[in-house]
Amino acid sequence: MMPVDERYPHIPTRLARFDELDELTVIEMDAAEALIEAGVPFPDEPHPLAHDQLAACLSEGLLFVAVDESDRPIGFLAAEEIDGRLYIAEIDVLRRYQRRGIGRGLIGTALDAARRRGFSAAMLTTDRFVPFNYPFYASLGFHEPGPKAAPAALKAILDKEIASGMGADRRAGMVLKFRTEE
């Protein structure tokens with residue numbers, strides 16, 4: 001269970017709905033501006049996850065939204081199951097709502113779902129130099145496994161990102177184990 005950050009009011013999270021996919025694209029593109037402002041070099045223009053990928057996450061029950069008081073999405077987390085692990089493909093929060101514990105709440109919701117399903121770990125890739133990415137995930141218990149300890153699927157995802165033009169020095173794969181036998 002994720003600790004509650006008492007500085008911020010509780011932001012509800014829930015499963016996304018199919019009719020919200022366009023809103024999630026808007027959220028992702030808005031959040032990309034924060035990365036651009038932080039100096040992340042994009043190989044091309046930032047582009048959102050395809051609706052097909054979001055729909056696949058939704059069909060797996062692994063597309064979560066944080067909502068405002070009107071039940072409108074203000075952030076989302078898209079994940080999938082890969083080899084018995086939760087892979088967090090994307091997490092974004094509208095810039096005007098950032099730094100309020102919303103990302104932490106979305107991660108907590110996703111990790112709770114993964115544990116209930118019996119997944120052995122969660123994994124993700126991130127930019128190691130953006131001050132609100134890598135340190136944030138590390139504060140939640142994610143770590144960079146050594147090359148021999150990294151899951152093959154995570155290595156493959158990193159290789160694909162690097163092949164698409166993302167800097168190898170900037171990309172990091174991180175894991176949070178739920179069980180020690182892995």
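Just the heavy atoms: all of them, side chains too, but no hydrogens, waters or symmetry mates, feed the values below.
Inter-residue side-chain proximity for Tyr137 and Ile88 is flagged as unmet; no heavy-atom pair is nearer than 4.5 Å. Contact check for Asp112 versus Arg115: side-chain heavy atoms found under the 4.5 Å cut-off. Using a 4.5 Å heavy-atom threshold, the side chains of Tyr134 and Asp127 count as separate. For the pair Leu54 and Leu63, the minimum side-chain heavy-atom distance is below 4.5 Å. Between Val175 and Leu154 the shortest side-chain heavy-atom distance falls below 4.5 Å. Contact check for Phe178 versus Leu111: side-chain heavy atoms found under the 4.5 Å cut-off. Two residues are said to be in side-chain contact when any heavy atoms from C-beta on lie closer than 4.5 Å; Glu90 and Glu28 meet this criterion.
Counting all heavy atoms, side chain and backbone alike, Leu24 lies closest to Ala16 at CD1-CB, 4.5 Å. Residue Arg85 comes nearest to Ser120 through the heavy atom pair CG-OG, 3.7 Å, listed as atom of the first residue, atom of the second, then distance. The two atoms that bring Ala153 and Asp83 nearest to each other are CB-OD2, 3.7 Å, heavy atoms only. Looking at every heavy atom in both residues, Met174 comes nearest to Pro145 through CA-CD, 4.4 Å. The two atoms that bring Ile27 and Gly75 nearest to each other are CD1-N, 3.7 Å, heavy atoms only. Heavy atoms only, all atoms of each residue included: Ala79 and Leu86 are closest at CB-CD1, 3.5 Å.
A salt bridge between Arg117 and Glu81 is absent, with no side-chain N of the basic residue lying under 4.0 Å from a carboxylate O of the acidic one.
The CG atom of Leu124 sits 9.5 Å away from the CG atom of Leu140 when rounded to the nearest 0.5 Å. We find the OG1-CZ distance between Thr126 and Phe142 to be 10.5 Å, quoted to the nearest 0.5 Å. The structure places CG of Asp92 at 8.5 Å from CD of Gln98, a figure rounded to the nearest 0.5 Å. Rounding to the nearest 0.5 Å places OG1 of Thr125 at 13.0 Å from CZ of Arg170. Between atom CG of residue Leu106 and atom CD1 of residue Ile91 there is a gap of 5.0 Å, rounded to the nearest 0.5 Å. In this structure, CD1 in Ile157 is found 4.0 Å from CD1 in Ile82, a value given to the nearest 0.5 Å.
For Lys160, the NZ atom is loosely surrounded, since the number of other residues' heavy atoms within 6.0 Å does not exceed 12.
Sorted by first and then second residue, the side-chain hydrogen bond (donor to acceptor under 3.5 Å, both in side chains) pairs with a member in residues 48-57 read Asp22-His51, Thr25-His51; sequence neighbours excluded.
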Q: Evaluate the side chain to side chain contact (heavy atoms under 4.5 Å, CB included) criterion for residues Arg104 and Ser139: first the C-alpha distance (whole Å), next the side-chain angles of each, then the deciding distance (0.1 Å), finally the verdict.
A: CA-CA 10 Å; Arg104 187 173 297 273; Ser139 78; 3.4 Å; yes
Q: Please step through side chain to side chain contact (heavy atoms under 4.5 Å, CB included) for the pair Phe76 and Glu23, ending with a clear verdict.
A: CA-CA 10 Å; Phe76 77 95; Glu23 289 178 74; over 6 Å; no
(Q) For Ile74 and Ile11: C-alpha separation, side-chain torsions, deciding distance, then whether side chain to side chain contact (heavy atoms under 4.5 Å, CB included) applies. (A) CA-CA 10 Å; Ile74 58 173; Ile11 304 293; 4.2 Å; yes
Q: Check step by step if side chain to side chain contact (heavy atoms under 4.5 Å, CB included) holds for Thr109 and Leu77.
A: CA-CA 9 Å; Thr109 297; Leu77 183 148; over 6 Å; no
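With sequence neighbours excluded, the residues that form a side-chain contact (heavy atoms from CB on, under 4.5 Å) with Ala55 are Phe18, Leu21. By the side-chain contact (heavy atoms from CB on, under 4.5 Å) test, Arg14 pairs with Arg17, Glu20, Val65, Val67, Asp71, sequence neighbours left out.
A continuous path of hydrophobic side-chain contacts links Phe64 to Phe136 [ILVMFWY only; heavy atoms under 4.5 Å].
Side-chain atoms of Arg95 come within 3.5 Å of backbone N or O of Asp30 as a donor-acceptor pair.
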